[in-house]
2 protein chains.
Amino acid sequence: MPTLTAAQRREQARVEYDAFIKGCPTNQLLDRLSDKWVSLVVAALSNGPMRYSDLSRKIAGVSPKMLTQTLRALERDGILTRTVTPSVPVRVDYALTPLGSSLAGLLTAVKAWAETHIEEVHEARERYDGTPG
Amino acid sequence: MPTLTAAQRREQARVEYDAFIKGCPTNQLLDRLSDKWVSLVVAALSNGPMRYSDLSRKIAGVSPKMLTQTLRALERDGILTRTVTPSVPVRVDYALTPLGSSLAGLLTAVKAWAETHIEEVHEARERYDGTPG
DNA sequence: CCGTATCCCGTAAGATACTG
DNA sequence: CAGTATCTTACGGGATACGG
């Protein structure tokens with residue numbers, strides 16, 4: 001392997017990395033799951049099906065755009081189902097699939113971890129911020 | 001409660017939401033954890049301490065900026081420690097704290113979920129993409 | 001070797017208005 | 001009610017060069 005610039009090495013590393021995650025799709029999915037709205041939507045639905053307006057109310061501050069975008073992505077991945085009832089007005093229900101439920105369990109565990117350890121994190125931050133140097 | 005515009009209601013909802021996560025800091029931490037680089041760094045360190053250059057090699061494609069930024073944030077939150085050995089050249093080791101290790105366990109579980117269910121996700125995507133309308 | 005500092009750009013995502 | 005369409009803006013994040 002000849003001499004490479006830092007940029008070339010980084011580029012090559014990225015290509016190898018991309019190739020790697022084709023065989024080991026962990027990082028692809030981790031990427032998808034590392035999304036604020038995904039966590040919130042899945043957590044919200046873990047208590048049972050919800051309508052679009054229910055979700056937009058529960059996940060306060062979410063714009064219709066992001067909510068729809070997130071719901072579509074999760075539907076595509078088989079995490080949740082979208083059920084349209086052609087009444088007037090239209091009614092749409094979102095529910096976790098069994099696949100989604102199993103994921104919700106893990107995200108709930110992370111949520112519980114946050115609840116349990118938030119004080120330690122706060123103390124760590126004060127310690128860190130208070131350190132002069 | 002008087003009539004509010006959609007914007008006003010959204011604004012108010014966001015304020016309440018912010019107030020809510022002050023008492024229930026779950027979402028704050030979830031936000032922090034919902035980061036691609038956080039997941040990768042914590043996962044990388046779950047096998048033991050690593051030096052800066054080790055991390056930048058293992059987490060292929062990461063720029064020095066993002067790596068440092070992520071490491072500092074996690075250090076501040078007490079997730080990992082940064083140990084400088086004043087040799088020449090300088091040596092810096094990063095290691096998970098017990099707090100970080102407990103988190104790593106959960107993230108590993110999510111990672112395992114991804115590995116287990118990636119095929120289902122792929123099938124779901126093909127089904128979704130193949131659906132004409 | 002371990003970063004910091006700077007520039008810069010693409011895009012994620014919020015606000016807003018409108019439709020079936 | 002359940003979204004779509006459009007504009008705009010902030011900022012995440014990459015490239016690069018340099019300092020301790």
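Note that the coordinates shown come from a computational prediction; the quantities given were computed from them, not determined experimentally. The chains referred to below are lettered A, B, ... by the order of the sequence lines, with proteins before strands, and numbering in each begins at 1.
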Value in whole Å for how far the P atom of D:dG3 lies from CD1 of A:I59: 13 Å

Which residue lies toward the 5' end of DNA chain C, A:Q69 or A:V90, if each is placed at its nearest nucleotide? A:Q69

Quick one: A:M66 CE to C:dT11 P, roughly how many Å, whole number? 15 Å

Would you tell me if any nitrogen or oxygen in the side chain of A:R82 comes within less than 4.0 Å of OP1 or OP2 on D:dA2? no

Indicate yes or no for a side-chain donor-acceptor contact from B:S34 to the backbone of A:S34 under 3.5 Å, with no hydrogens or angles considered. no

Whole angstrom value for the distance that separates P of D:dC1 from CZ of A:R91: 12 Å

Mark yes or no for whether A:Y52, through its side chain, and A:P64, through its backbone, hold a donor-acceptor pair below 3.5 Å. yes

side-chain N/O A:R51 vs D:dA2 OP1/OP2, d < 4.0 Å: yes

So does B:T68 get a side-chain nitrogen or oxygen closer than 4.0 Å to the phosphate oxygens (OP1/OP2) of C:dT4? yes

Without decimals, in angstroms, what is the distance between B:M50 CE and C:dC1 C1'? 15 Å

First encountered from the 5' end of DNA chain D, between A:Y94 and B:D35: A:Y94

Between CH2 of B:W37 and P of D:dG13 the distance, given in whole Å, is 8 Å

May I ask you to test the A:L71-A:L55 pair for a side-chain heavy-atom distance under 4.5 Å? yes

Would you indicate whether the side-chain heavy atoms of A:L106 and B:L106 approach each other to under 4.5 Å? no

If I take atom CG in residue B:L71 and atom C1' in nucleotide D:dG13, what distance separates them, rounded to the nearest angstrom? 15 Å

Just the rounded figure in Å: distance from C1' of C:dA15 to CG of A:L67. 16 Å

From the list C:dC2, C:dT6, C:dG14, which nucleotide is the closest neighbour of the side chain of B:S53? C:dC2

Rounded to whole Å, how long is the line connecting atom CZ of A:R72 with atom P of D:dA2? 12 Å

